[in-house]
Amino acid sequence: GAVVSQHPSRVICKSGTSVKIECRSLDFQATTMFWYRQFPKQSLMLMATSNEGSKATYEQGVEKDKFLINHASLTLSTLTVTSAHPEDSSFYICSARVLPKTGSNYGYTFGSGTRLTVV
Amino acid sequence: KNEVEQSPQNLTAQEGEFITINCSYSVGISALHWLQQHPGGGIVSLFMLSSGKKKHGRLIATINIQEKHSSLHITASHPRDSAVYICAVGNSKGKLIFGTGTRLQVFP
C-alpha cells in the first residue's frame with residue numbers, strides 16, 4: 001500500500017532556530033500533501049495543502065512565513081518551522097492523497113508524525 | 001456544532017467485548033474514513049466508505065448515506081485495540097474534515 005515516511009519523529013530545538021520536517025512518499029507519487037498540527041487530546045487541524053510544483057495553500061490563521069512548505073518533487077514535501085518558539089511545540093503530521101485504483105474517491109495515507117518541542 | 005460528530009468521546013471496555021463507535025456528519029461527502037491513532041501519534045487508515053459495509057478482520061464499518069451516519073464496530077476487542085479512533089469525511093474539495101475522536105481503552 002501507499003506509505004509516507006515522515007522524519008524526524010521527535011525533535012527538540014532552541015527558541016529562534018528553524019526545524020525542517022520531511023515527508024516522503026515511498027511507493028507512489030504524492031501530488032498533494034496535507035500538513036496538520038495536533039494539540040494534545042485534540043483533533044487534527046489542517047495547516048496547509050501543498051501541490052507538487054506550486055505554492056502551498058494555507059488555512060486561515062496559519063502564517064505562511066512561519067511555516068514554510070516546499071513540495072518540489074512528487075515524492076517529497078517539507079515543512080520548515082522558522083524561528084521556532086515554545087508555542088510552536090506540537091505534533092505535526094503529513095498526509096498524502098492517494099489516487100484510487102478503482103472508483104473515484106481518493107484515499108489518504110498518513111506519516112507517523114513529528115513531535116516538536118521548542119525550549 | 002461540529003460538521004463531524006463522534007460518540008462516545010471516551011470508551012472503556014473489557015477484553016472480548018463488542019464495541020461500537022458512532023459518527024454523524026452534516027456536510028456533503030465524497031467518502032467517509034475511519035482512522036486509528038495509537039499513543040505514539042501515528043495514524044493508520046482503517047476504512048474508506050462511500051456506501052454499505054466493509055469488514056477487515058475484527059473490524060466492521062458501515063455507512064448510511066441517507067442518515068449521514070457511520071459506525072465502526074470492533075468484535076472480540078483486545079487490549080491492543082486501545083487507541084483513538086477518528087472519523088473523517090472527505091469533502092468535494094478533496095480535504096478531510098475530522099471528528100474529535102473516540103478514545104478507546106480495552107482492559108484485559
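Reminder, nothing fancy here: chain letters follow the sequence lines and each chain counts from 1.
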Rounded to the nearest 0.5 Å, the OG atom of A/Ser77 sits from the CG atom of A/Asn51 at a distance of 9.5 Å

A/Lys66 atom NZ, over 12 foreign heavy atoms within 6.0 Å: yes

Residues of residues 79-96 of chain A contacting chain B, heavy-atom criterion under 4.5 Å, by residue number: A/Phe91, A/Ile93

B/Leu49 and B/Ile29, any side-chain heavy atoms less than 4.5 Å apart: no

Side chain to side chain, B/Val27 and B/Ile97, heavy atoms closer than 4.5 Å: yes

Region of A/Ser9 that comes under 4.5 Å of a non-hydrogen atom in chain B: neither

Measuring heavy-atom distances to chain B, does A/Phe34 have an atom under 4.5 Å in its side chain, in its backbone, in both, or in neither? side chain

Residues sharing B/Phe18's hydrophobic cluster, by side-chain heavy-atom contacts under 4.5 Å among ILVMFWY, directly or via others? none

Going by atom types alone, do B/Ser71 and B/Asn22 pair a side-chain donor with an acceptor below 3.5 Å? yes

When the 4.5 angstrom heavy-atom criterion is applied to B/Ile86 and chain A, the contacting part is side chain

Using a distance-only test with no angle check, is there a side-chain donor-acceptor pair under 3.5 angstrom linking B/Gln6 and B/Thr102? yes

Quick one: which residues of residues 17-31 of chain A reach chain B at under 4.5 angstrom, heavy atoms only? none

If you look only at distance, which donor and acceptor atoms sit under 3.5 Å apart when one is on a side chain in residues 33-42 of chain B and the other is two or more places apart or in another chain?
unit_1, atom_1, unit_2, atom_2, d
B/Trp34, NE1, B/Ser70, OG, 2.9
B/Gln36, OE1, B/His38, NE2, 3.2
B/Gln36, NE2, B/Tyr85, OH, 3.0
B/Gln37, OE1, A/Gln38, NE2, 3.1
B/Gln37, NE2, A/Gln38, OE1, 2.8
B/Gln37, NE2, B/Gly41, O, 2.8

Donor-acceptor side-chain pairing of B/Ser77 and B/Glu15 below 3.5 angstrom: no

Looking at B/Arg58, I want to see if its CZ is surrounded by more than 12 non-hydrogen atoms of other residues, nucleotides or ligands under 6.0 Å. yes

Kindly indicate, with the supporting measurements, whether the criterion salt bridge (charged side-chain N to carboxylate O under 4.0 Å, His left out) is fulfilled by A/Glu59 and B/Lys95. CA-CA 12 Å; A/Glu59 296 298 301; B/Lys95 291 184 180 178; 2.8 Å; yes

Contact class of B/Ser30 relative to chain A, heavy atoms under 4.5 angstrom: both

